[in-house]
Structures are given as structure tokens and as C-alpha cells.
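Inspection log for the structure reproduced underneath, given as C-alpha cells.
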Amino acid sequence: MTLLRLYTEYSIGSGECRVREISKKASMLGYTSVAKTDKGTLAGSVEFSSLSAANNVNGIIGCEVKTFLLGEEITLLLYAKDESGITGLNVYSSFMMTEKSGYIPEKSLNKYSTGIIAIWIENRKIISQSKEKAKNILRLLQGYFPSLYAGLERIPTEPTEVTTALHGFFKENHTECVITNPVYMTEKENVEALMLIDYLKNGEKTTVSDRENFYLRSAKETKELFSHLPEVIENTEKIGAGCNFRFQTNTLHLPSFPTENPRELLREKAFSGLEKLNCNGEQYINRLNSELSVIEKMGFSDYFLITEDFVSYARENNIPSGYGRGSGVGSLTAYALGITKVDPVEKGLIFERFLNEERVSMPDFDVDVGDEDREKLIRYGIEKYGKKYLCGIANYSRYALRQIVKNISKYCGYTGTEIIDNIPDKVGITVDEAIKGSPSLEKEVSRNEKAREVLRLCRLIEGRPRAVSPHPSGVILTPKPLINYVPLTAYNDETLCQYSMDDCGKLGILKIDFLGIKYLTAIQKAKSLIKEPIYEDIPPMDERVFKMLQKGDTLGVFQLESEGMKELLKKVKPESIDELCHVISLYRPGPIAFIDDYIKGKN
């Protein structure tokens, strides 16, 4: 059975279905194909497609869009049948998410319909008011979309005569019907979560949701609802069989640097840079040749030139930038180009951790720049490559525990102070983690029924997308116009890719991290206020500095100012730059378990 209409958590403020749960639940209920049809947006589609495949479900990529025809608001479900269809779907979704009106202009409907299946839904009102107008709208839609269907919805209490009459009308007008019962929640009991989502969106408490009937029924139940129209069930299955689009996650889409021979230019710049750094020894020459050979084989010459161009622009325009961070610092090529300022040979850093022939993945430089000048760098990229090729990435902020406790406590008529004050200070913490990590909260929950109720409701909401904003560092750059690869959305005057940074990486799209660091801005301003020159060769060993670090006196020091890091510095008591690197490397998931072993070894 095929499910053609489902709204996930990415229909922010209206959908309850969590992407990670849909395909597994649908498979258990007898569905072989499921379409994700969020309102306007394609966000979460890459993850949905991957999880569907893992659960042996055909994940159909679609979305709900709106337009105006003959003065009437028309709602359509659009689906990608194949590769050409996903490009059209990107365009339609981008219209929905970037047009201030929130509607697709009629003149654009037929331009991108290749590979698209369209279903006209929410059509009852127009038909009941004027069948003649409904016929004319159908003729227009048939002209715009070669693969057009009409959607029928039915709840158990509705007489079969209603859908039978609608089916008859569409048959008379040469349009096949399919089942489009909307699904807003994965379980019938989740109507409570749906009401909470409504409350968080509108600030008004309701006792009954207008969508309480729109849960994920079993395939058997859905078929029974339309058993009087077997042809409609067959048509629904045809769409499931006809949509076979899959995201390509094994192809890299690398843009070109504007030069005739990128390989030659990269070699020229790299060896010239090495000479300027006085790194002329055989070890350096051999390593650079080896790195360049790998870079060329993997097709990343353009990527290095593009990154070098951005970093050079920053330095030439007095934009403060970092010395390099992450695995990219292991590249001698990057050091020679000036992308980084750390000698990987001297420091014993490994190039293969950054780029490896045996692991084909997009390399990823972290470029740190002053926070007040980050936009200048992005504007430079848009001017050089074009706004159709470069944009920011959407960041979906999630409901944080403290915030939802505050909101849901109000919903329950409770202060929530006893809960909020006892939540551990950890980003992204869940209800269960908070109770486990705070004995005082655990005690409060065990004795306070109101607190238990608030946290029960919080579990229904935690981790859901709350709002969209630009990712603080990521931008993407594509070889062809963005719309060929990703759908777009608008944030104020900025254009963003709807997909997350991780999803862009899975699709093989070049992403560059320009992280705006306020401390770089502060350092630059401090330099400008000092009358005597400040030189780049400040000695890396200063006993007074390390004494401050050992006491955890790190307010305003990038990566070292969190409370956890301060405690770690007090325990480890670093005495050199290398030991400071060890501290930063240890303070992350995985290695953090070996901190005590490291301290024992050091002492």
C-alpha cells in the first residue's frame, strides 16, 4: 500500500511525525511506499530517503504547494518521479519558501513539470461552490501537469456517497483519483503532542485538535475506507510504483576555479609558497609532490584553489583569520598556499587524516574569520561565483529542554522553577539525561506529580525543529546553479539551502566553513590600540600564560572557556602548546573517557 500525504516535524508548527520514526512505523503498518509532503519545504528529505531505504520502504520525495487559479487558492501535492523531477521539485519548493506571497506564480507552473506527478487536494469547497469553475481549473492544471490526479479524503464517520460523488465528477472530467488522507501524527495518541505544537506556535491552549483523525492508520484500515472505490486504491498504488527517485550519495559535485589549468596553477602556487616559507628540504618536496598527486587523482585541485582564494582575500582585506583548525592543518599543500599557518611536517601531522584515496569524501577546511567581517567574505564569493551558485545553509534550531519546560509549565499552570533550576548545563540535553545527571531533579520528579507531568509532555516535544536560521559557518558552492542540487529558502534578505550541512555533505556538494570568531575580532581591535607593533612571532612558550591556563583562568579564550574545559585544564595543568592540543583533543565525545588515563600517564 502507498501513503501519499504525510507531514513531518519539518512542517514546523503543524506536523508531529518525526522523520526518524516514519518509515519503520509505516512498514509495520503494511505500507511499501510513503511520501513525505511537508508544507512548501523539502527539508529532511535526504534523511527521510535514507531511513526509508534502510526499512525497505520506497521513500517518495514530495511537498505541498499553493497557487492561485481563476481567483481560487489551489493546493497541490507534487512528487519527483525521477532525476528530472527532483530538479523541478527544488524549483517549486524554492518558490514556496522564497516568494513573500507564499504562492507559486501561475506562469511558472508548467515550466518545471517534467518528471513531476501532481495531485489537486482540498478541492471539495470549489466543486461545491461552482462545478463549472472547478472544471476550468482542472483544464488549466491538466495543461500545466501532464501527470495530474485528484485527491480524495475520507474519515470513518463520513458517508461513502460523498467520495463516490467526487470520484464521479473527476471521472467525467478525465482525471483519475487517488487517496490523499492527510497524516499529521504517527500515533492516534499523539494528538496530545499535536495540541502542544499548536500551543507553542500560537500561544493558545486547545482541548481538541482539528487534526485528531489524521493519524497514521494501518494500510488495511486505509483500504477499508476506500473499499467502495477499488479503482482509487489501484491508482494510488500506481503512483507508488512510478516514483523511483533516489538521492545520489556517491557522486561529488565540485565547482571549477576560474582558470584554464587548475592542476598546473595549484602546483605552481604550492611550490612557490613552499619556497617563500624556506621549506626546501627533500622531506618537504617529496611530501608536497605526494600530496599533490593525491589531490589531483581525487579531483580536488579546484577546491584547494577556491579555499586559497577566499583566505587570500581575507588577509589582503584586513579580515582577521585563524592559523587553521581541524584535520586540514595536516596538509602541507594548505600550509604552502597560506590556507593554514602550521607546519605539519614539523608538528608530525598526518595528511591522510584530511584526505585519503581509500575514503572518498569531500575535504573540509575550517576557515576561522572575525565575526564582524564574515559577511564580507561571503559577499566576495557571491560576486566572484554568482548568487545562483553560492548560498548559506539552513540551520534548524531545536527545542531546548529549559525553554520547553518553561513553556509547558505555563501550559500546565505550573511555575517549573524546581525543574529548570536543576537541569544540568549541557547543550542538547534530553529529559532522561537531565534526570539521570541531576540527583536533585530526580528527587523533585519522584515527589512532585506536576513536575512528572511537565517532563512527560516535554518528551513529546524535545528535539523537534523550532525555527530556521542561517548556519553560523557553512556555505555551499556548486558547479551548476544551486537549484539543480538543492531547494532554497529565504531568511530576511539571505538565500539559504533548505538541506542541513550534513545532508549537503552526503549529496557531495562542496561546503566551506567560514566560522565567525568574535575573539579574532577582539584580537585585531586590541592590536590596533597598541602603539608598538605586534609581531606574528609571539613566543609560543610563556610561563605566565601557562600558569593562567593551569588555574582555569580562560575567560574569553576560544575553545577553553567552558566550565568543563576549565576543570580539565586544572587537572591536566598543560605546560606546552602540544599539551594544550592534547587537552582540546581529549575534550570531545569518545576521547573524553580517557582523560584520567592521560593524566596518570602525564604525571
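Keep in mind it's a predicted model, so treat the numbers as computed, not measured. When reading the values below, keep in mind they use all heavy atoms of this one structure, side chains included, and skip hydrogens, waters and symmetry mates.
- Put simply, the side chain of Ile22 does not reach to within 4.5 Å of the side chain of Val57, judged on heavy atoms.
- Of all the heavy atoms in Leu488 and Met97, the pair that sits closest is O-CB, 3.6 Å.
- Within the 3.5 Å criterion, the main-chain N or O of Lys39 finds a donor-acceptor partner in the side chain of Ser11.
- Donor-acceptor pairing under 3.5 Å is lacking for the side chains of Tyr112 and Asn90.
- Between Tyr396 and Tyr10, the ring center distance clears the sub-6.0 Å criterion.
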Does the pair Cys391 and Ile476 meet the rule for a side-chain contact (heavy atoms from CB on, under 4.5 Å), with working shown? CA-CA 6 Å; Cys391 74; Ile476 58 170; 3.8 Å; yes
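- Ionic pairing of Glu122 and Arg5 is present here: one or more N-O contacts between side-chain nitrogen and carboxylate oxygen are shorter than 4.0 angstrom.
- Residues Glu462 and Thr430 have side chains that never bring a donor and an acceptor to within less than 3.5 angstrom of each other.
- Rounding to the nearest 0.5 Å places CD1 of Ile350 at 13.5 Å from OG of Ser331.
- Lys66 NZ: more than 12 foreign heavy atoms inside a 6.0 Å radius.
- By the neighbour-count criterion of 12 heavy atoms within 6.0 Å, atom CZ of Arg353 is sparsely surrounded, having that number or fewer from other residues, nucleotides or ligands.
- A donor-acceptor contact shorter than 3.5 Å is absent between the side chain of Asn289 and the backbone of Asn286.
- A donor-acceptor pair under 3.5 Å links the side-chain atoms of Thr521 to the main chain of Asp371, judged by distance alone.
- The backbone N or O of Pro472 lies less than 3.5 Å from a partner atom in the side chain of Arg374, making a donor-acceptor pair.
- When only modelled atom types and interatomic distance are considered, Asn395 and Tyr491 share no side-chain donor-acceptor pair under 3.5 Å.
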Evaluate the criterion side-chain contact (heavy atoms from CB on, under 4.5 Å) for residue pair Tyr335 and Val345; output intermediate values, then yes/no. CA-CA 10 Å; Tyr335 179 53; Val345 176; over 6 Å; no
Which pairs would a plain distance check flag for residues 257-264, meaning a side-chain donor or acceptor within less than 3.5 Å of a matching protein atom at least two apart in sequence or in another chain?
unit_1: Asn261; atom_1: OD1; unit_2: Arg263; atom_2: N; d: 3.4
unit_1: Asn261; atom_1: OD1; unit_2: Glu264; atom_2: N; d: 3.0
unit_1: Arg263; atom_1: NH2; unit_2: Glu296; atom_2: O; d: 3.0

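- For the residue pair Gln559 and Tyr587, no side-chain donor N or O sits within less than 3.5 Å of a side-chain acceptor on the partner.
- Here the side chains of Asp368 and Leu520 are in contact, with some heavy-atom distance below 4.5 Å.
- More than 12 heavy atoms of other shown residues, nucleotides or ligands fall within 6.0 angstrom of atom CD1 in Ile592.
- Gln524 places a side-chain N or O within 3.5 Å of a backbone atom of Asn318 that can act as its donor or acceptor partner.
- Only one option out of Ser33, Ser49, Ser52 pairs with Asn58 in a side chain to side chain donor-acceptor pair (under 3.5 Å); it is Ser33.
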Do Ile116 and Tyr144 pass the side-chain contact (heavy atoms from CB on, under 4.5 Å) test, and can you show the C-alpha distance, the side-chain angles, and the key distance before you say yes or no? CA-CA 11 Å; Ile116 293 282; Tyr144 296 147; over 6 Å; no
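- For the pair Val294 and Glu352, the minimum side-chain heavy-atom distance is 4.5 Å or more.
- In this structure, Arg325 and Leu515 have side chains that are in contact, with non-hydrogen atoms separated by less than 4.5 Å.
- Between Ile104 atom CD1 and Ile74 atom CD1 the span is 12.5 Å, to the nearest 0.5 Å.
- Checked by atom type, the side-chain pair Glu308/Ser312 shows a donor-acceptor distance below 3.5 Å.
- Looking at Ser256 and Asp302, their side chains never bring a donor and an acceptor atom within 3.5 Å of each other.
- For the pair Ser113/Pro146, a side-chain contact is recorded, criterion being any heavy-atom separation below 4.5 Å from C-beta on.
- For the residue pair Glu291/Thr333, the side-chain donor-acceptor check at 3.5 Å is satisfied.
- Between Gly240 and Ile60, the shortest heavy-atom distance links the atoms CA-CD1, 4.0 Å.
- At a threshold of 4.0 Å, the pair Glu47-Arg20 does not count as salt-bridged, since none of the basic side-chain nitrogens sits closer than that to a carboxylate oxygen.
- The side-chain heavy atoms of Tyr385 and Ile306, taken from C-beta on, include a pair separated by under 4.5 Å.
- Using cut-offs of 30° and 60° on the angle between ring planes, the pair Phe145 and Tyr92 is tilted.
- Between the CD1 atom of Ile179 and the OG1 atom of Thr236 there is a distance of 4.0 Å, given to the nearest 0.5 Å.
- At distances below 3.5 Å, not a single donor-acceptor pair connects side-chain atoms of Ser93 with backbone N or O atoms of Leu89.
- Residues Thr186 and Arg18 have side chains that never bring a donor and an acceptor to within less than 3.5 angstrom of each other.
- Using a 4.5 Å heavy-atom cutoff, the side chains of Tyr323 and Thr340 are not in contact.
- Within the 3.5 Å criterion, the main-chain N or O of Gly508 finds no donor-acceptor partner in the side chain of Tyr485.
- No donor-acceptor distance shorter than 3.5 angstrom exists from the side chain of Asp373 to the backbone of Gly370, with no hydrogens or angles considered.
- Using the six-membered ring where Trp is involved, Phe214 and Tyr184 have ring planes that are tilted, between 30° and 60° apart.
- Met501 has its side chain within reach of Ser473: a pair of non-hydrogen atoms, C-beta onward, lies under 4.5 Å apart.
- Within a 6.0 Å radius of CD in Glu106, more than 12 heavy atoms belonging to other residues, nucleotides or ligands are found.
- The backbone N or O of Ala490 sits nowhere less than 3.5 Å from a side-chain atom of Thr98 that would complete a donor-acceptor pair.
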Would Lys269 and Leu305 satisfy side-chain contact (heavy atoms from CB on, under 4.5 Å), going step by step from the backbone distance to the final call? CA-CA 9 Å; Lys269 280 177 171 280; Leu305 289 169; 3.8 Å; yes
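- Between atom NZ of residue Lys25 and atom OG of residue Ser23 there is a gap of 12.5 Å, rounded to the nearest 0.5 Å.
- Salt-bridge annotation for Asp38 and Lys36: present, with a side-chain N of the basic residue lying under 4.0 Å from a carboxylate O of the acidic one.
- The distance from the OG1 atom of Thr2 to the CD1 atom of Ile239 is 8.5 Å, given to the nearest 0.5 Å.
- Within the 3.5 Å criterion, the main-chain N or O of Tyr303 finds a donor-acceptor partner in the side chain of Thr307.
- Of all heavy-atom pairs spanning Ile584 and Met565, the tightest one is CA-CE, 4.1 Å.
- Between atom OG of residue Ser147 and atom NZ of residue Lys238 there is a gap of 12.0 Å, rounded to the nearest 0.5 Å.
- Here Phe310 and Phe514 bring their ring centres to under 6.0 angstrom of each other.
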